[in-house]
Amino acid sequence: MVDFLLILAGLVLAPLAGGLIAGVDRKITARLQSRYGPPILQPFYDVAKLFGKSPSIVNVWQVFCAYLYAAAAAISVVLIFVGADLLLIFFVQAVGAVFLVMGGLSAPSPYSQVGAHRELIQVLTYEPLIILVFIGIFLTTGSFKVTAIFEQSQPMLLQLPLLYLVLTYALTIKLRKSPFDFSTSHHGHQEIVKGVLTEYSGPHLALVEIAHWYETVLILGLCALFWHTSIIGMAILLALTYFAELLVDNVTARMTWRWMLGYVWGVGLAMCVVNLVWIYVG
Amino acid sequence: MNAITEFIKKSRLKSPWAMHFDCGSCNGCDIETLAVLTPVYDVERFGIINVGNPKHADVLLVTGTVNYRNQHVLRNLYEQMPDPKLVVAIGACGLSGGVFREAPNVVGGVDKIIPVDVYVPGCPPKPEAIIDGVVEGLAKLAELQQQAV
């Protein structure tokens with residue numbers, strides 16, 4: 001019964017939370033740019049409107065990929081809510097990310113193709129880092145299970161501070177925020193061509209958007225695991241992390257993919273190694 | 001089910017994504033249109049965002065005279081927009097061809113090629129008038145929805 005409630009919460013509450021976060025995000029971004037900004041519920045209006053539009057489909061592959069991306073994102077969130085294996089969560093979300101790329105590649109439009117290739121490079125950049133974060137969690141808890149983390153008496157952040165920073169890099173890339181927003185911009189109003197999302201339209205674009213909300217909740221959920229001992233600590237950690245993301249988004253410009261790969265792998269892998277050696281020796 | 005349809009109808013009026021197409025204008029109307037998107041007027045507070053892609057757009061803002069070369073582009077863009085969609089013609093040139101209407105390569109106003117819902121006159125129109133034009137178009141859309149039920 002508890003499992004059923006958790007699955008329901010993962011399926012229903014996660015996208016609602018993700019949409020609200022996106023709305024707050026747009027509002028705060030607008031305030032930082034001295035604008036008034038859209039209402040908090042604007043992402044829900046956008047998605048509802050997109051569902052109400054008549055579908056214009058490039059090919060069946062694209063539709064298939066949109067559905068699979070959304071399904072994989074939803075399943076990975078449900079898995080983290082029921083306390084499943086971190087490796088399983090990792091593989092399911094990786095499948096979703098790959099299907100988004102395949103949807104972009106299925107259309108012959110050059111914008112869609114370039115966007116898909118760039119998205120693939122982004123996936124390549126953050127996946128090894130997430131796996132190393134999970135290895136760090138394994139070394140501290142002795143298990144890949146989410147439930148094993150909750151048996152710890154003290155927050156993981158004290159032992160894995162550098163790996164937490166690495167996870168926030170992955171969050172920035174996953175949210176497609178500056179300086180890592182080159183496959184498609186997170187903010188619609190900044191972008192001329194939407195990269196990997198160019199050929200998605202109407203209901204399928206709405207599905208991709210909902211999947212994006214799920215993924216936001218997934219990565220924030222992983223961040224929350226680092227302060228599992230108290231709800232307030234968790235909330236403060238997430239609020240601070242997300243606000244830092246917003247600040248970075250607003251004060252940086254888009255960089256090149258070569259810079260991203262070099263910088264994120266260089267700094268990220270160095271921090272991972274230092275933190276892993278520290279746990280291993282200590 | 002009814003509540004969902006109602007929410008979608010309400011959302012259509014709250015989230016008009018606009019695409020701006022310069023059909024050979026002198027840049028006057030374009031500058032006023034883009035001014036609407038800046039922090040001074042900040043149309044994002046009404047949910048209007050500027051998209052560069054007809055497949056994501058709900059409102060097509062057209063400036064400038066239509067000529068024999070760009071009429072195909074204009075029609076193509078219009079046809080790629082999924083329904084329901086609005087077309088707003090901006091400026092004297094967009095309405096009738098303006099001072100260029102008798103030039104040999106000019107077809108005329110935007111409505112010679114695609115159906116136009118709202119006309120925003122002016123040379124160039126004020127940013128307030130352009131915002132007004134989009135809001136007027138949304139009112140028209142709401143009316144059409146009422147009749148469809």
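Any value given below was found using the heavy atoms of this structure, including those in side chains, with hydrogens, waters and symmetry copies removed.
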Chemist: With a cut-off of 6.0 Å (strictly less than), are more than 12 heavy atoms of other residues, nucleotides or ligands near OH of A:Y111?
Modeler: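 Counting other residues, nucleotides and ligands, OH of A:Y111 stays at 12 neighbours or fewer.
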Chemist: Any chance you could measure B:R12, atom CZ, to A:K53, atom NZ, to the nearest 0.5 Å?
Modeler: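 Rounded to the nearest 0.5 Å, the CZ-NZ separation comes to 8.5 Å.
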Chemist: State, yes or no, whether a side-chain contact exists between B:E44 and A:T29 at a heavy-atom distance under 4.5 Å.
Modeler: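 B:E44 does not reach A:T29 side chain to side chain.
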Chemist: Of the backbone (N, CA, C, O) and the side chain (C-beta and beyond), which part of A:L50 lies under 4.5 Å from a heavy atom of chain B, both, or neither?
Modeler: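 For A:L50, side-chain heavy atoms alone lie under 4.5 Å from chain B.
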Chemist: Testing the basics here: between A:T198 and B:N53, what is the closest heavy-atom pair and its distance to 0.1 Å?
Modeler: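 Reported closest heavy-atom pair: O-ND2, 2.7 Å.
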Chemist: Where along residues 57-69 of chain B does a heavy atom come under 4.5 Å of chain A, listed by residue number?
Modeler: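 Within residues 57-69 of chain B, the residues under 4.5 Å from chain A are B:A57, B:D58.
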Chemist: What's the spacing between B:S15 OG and A:L41 CG if we round to 0.5 Å?
Modeler: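 It is 12.5 Å, given to the nearest 0.5 Å.
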Chemist: First locate atom NZ of A:K27, then atom CZ of B:R45, and finally report the distance between them rounded to the nearest 0.5 Å.
Modeler: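 The CZ atom of B:R45 is 10.0 Å from NZ of A:K27, to the nearest 0.5 Å.
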Chemist: Looking at CD of A:E199 and NE2 of B:H56, how far apart are the two atoms once the value is rounded to the nearest 0.5 Å?
Modeler: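 Answer rounded to 0.5 Å: 8.0 Å.
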Chemist: Is it true that, when you exclude B:E136 itself, more than 12 heavy atoms of the residues, nucleotides or ligands shown sit nearer than 6.0 Å to its CD?
Modeler: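 No, because the 6.0 Å sphere around CD of B:E136 holds 12 heavy atoms or fewer from other groups.
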Chemist: Does anything in residues 71-100 of chain B get under 4.5 Å of chain A by heavy atoms, and if so which residues?
Modeler: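 Counting heavy atoms that sit under 4.5 Å from chain A, the residues of residues 71-100 of chain B involved are B:P82, B:D83, B:P84.
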Chemist: Grab the two heavy atoms, one from B:S11 and one from A:K49, that are nearest each other, plus how far apart they are.
Modeler: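 Residues B:S11 and A:K49, closest heavy atoms: CB-N, 3.8 Å.
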Chemist: Any idea which of A:G202, A:A48, A:S201, A:P55 has the most non-hydrogen atom pairs under 4.5 angstrom with chain B?
Modeler: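 With the most close heavy-atom pairs to chain B, the winner is A:A48.
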Chemist: For A:V58 and B:K55, run side chain to side chain contact (heavy atoms under 4.5 Å, CB included): C-alpha distance rounded to whole Å, both residues' side-chain angles, the deciding distance at 0.1 Å, then the answer.
Modeler: CA-CA 11 Å; A:V58 178; B:K55 297 196 171 192; 3.5 Å; yes
Chemist: Side chain, backbone, both or neither: which part of A:S34 has a non-hydrogen atom closer than 4.5 Å to chain B?
Modeler: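 Contact with chain B is through the backbone of A:S34 alone.
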Chemist: Nearest heavy-atom pair of B:F7 and A:F44: which atoms, and what distance?
Modeler: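 Where B:F7 meets A:F44 most closely, the heavy atoms are CE2-O, 3.9 Å.
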